[in-house]
Structure formats: C-alpha cells, structure tokens
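Start at 1 with the first residue, then count along the sequence.
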Amino acid sequence: MFRLWAKTFKDTRMIRDMVVDDDGTDTRTHKVFAAIERICNDFDLSKPVWLDKNINEFKRFSKTRFYQDNFIDSIDFDYLEIHVIDED
C-alpha cells in the first residue's frame, strides 16, 4: 500500500491535511502524481510546479514542500507539504 500525506501550513500551524491511499500496480512516480492531482482537486488548488529543489528533496527524503513559487495561482497558506508515509 502506498500512502501520501499532504498538509497545508499557515503561521507554523497545520490548517488542513489529507492522506491518499493507493494500492494499485502503477509505478511510484505515477502514484505520487495521481495523489497530488487528488489532493489539488480536494484542496481546490492548481497543481504545483516541481522545481529542482523539490525533486531532490523528494528523492532523498520522500518529502517536500511547495511554496508560493511553485503555484501559478496565489495560495492562502504558507506551504503545502507532501510526505510518503507508507510504501510497500
């Protein structure tokens, strides 16, 4: 089972979170992008742009943060953090 936890923060406080489960047979990359699409739809956000910093953080730690620079539209929180919490 693949599980990705997404959280939005404002002023160091978590204001919203969501866990996406995926037990399909897709690759890890496909599961991550599908989870982000579900999260963005649920949170009513545009999809974030992956910068080199995000890619490197995610490869190393299975976790990254998306700030205003990663979104085309303005956001009403400080950052969106995604974290893989379970992976089989």
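With a 6.0 Å radius and a threshold of 12 heavy atoms from other residues, nucleotides or ligands, K47 has its NZ atom at or below the threshold. Applying the 6.0 Å contact sphere to CH2 of W50 captures more than 12 heavy atoms from other residues, nucleotides or ligands. For N41, the CG atom sits in a packed shell: over 12 heavy atoms of surrounding residues, nucleotides or ligands are nearer than 6.0 Å.
For the pair F58/V84, a side-chain contact is recorded, criterion being any heavy-atom separation below 4.5 Å from C-beta on. The shortest side-chain heavy-atom distance between D17 and T8 does not fall under the 4.5 Å cut-off. Counting heavy atoms from C-beta on, the side chains of V20 and I39 come closer than 4.5 Å. Looking only at side-chain heavy atoms (C-beta outward), N54 and N70 come within less than 4.5 Å of each other.
Looking only at distances, no side-chain donor or acceptor of E81 sits under 3.5 Å from a matching main-chain atom of W5. Proximity of a side-chain donor or acceptor of D22 to a complementary backbone N or O of G24 within less than 3.5 Å is detected.
Hydrophobic clustering, with ILVMFWY side chains joined whenever heavy atoms are under 4.5 angstrom apart, keeps I15 apart from Y79. Following chains of ILVMFWY side-chain contacts shorter than 4.5 Å, one can reach I82 starting from I55, so the two form part of one hydrophobic cluster. Note: the hydrophobic cluster containing M18 also contains L4 (ILVMFWY, side chain heavy atoms under 4.5 Å, direct or indirect links). If you chain together hydrophobic residues whose side chains sit under 4.5 Å apart, V49 and F43 never meet in one group.
Classification of the F77-F71 ring pair by plane angle, with boundaries at 30° and 60°, yields perpendicular.
A salt bridge links R16 with D42; the closest basic N to acidic carboxylate O contact falls under 4.0 Å.
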### Message
One pair to check against side-chain contact (heavy atoms from CB on, under 4.5 Å): K53 and Y67. What are the steps and the verdict?
### Response
CA-CA 11 Å; K53 173 188 173 290; Y67 294 91; 4.3 Å; yes
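Under 3.5 Å, the side chains of S62 and R28 contain a donor-acceptor pair of N or O atoms.
Nearest heavy-atom pair, P48 versus C40, reported as atom, atom and distance to 0.1 Å: CD-SG, 3.7 Å.
Between F2 and the choices V32, D86, D21, D26, the side chain to side chain contact (heavy atoms under 4.5 Å, CB included) rule is met once, by V32.
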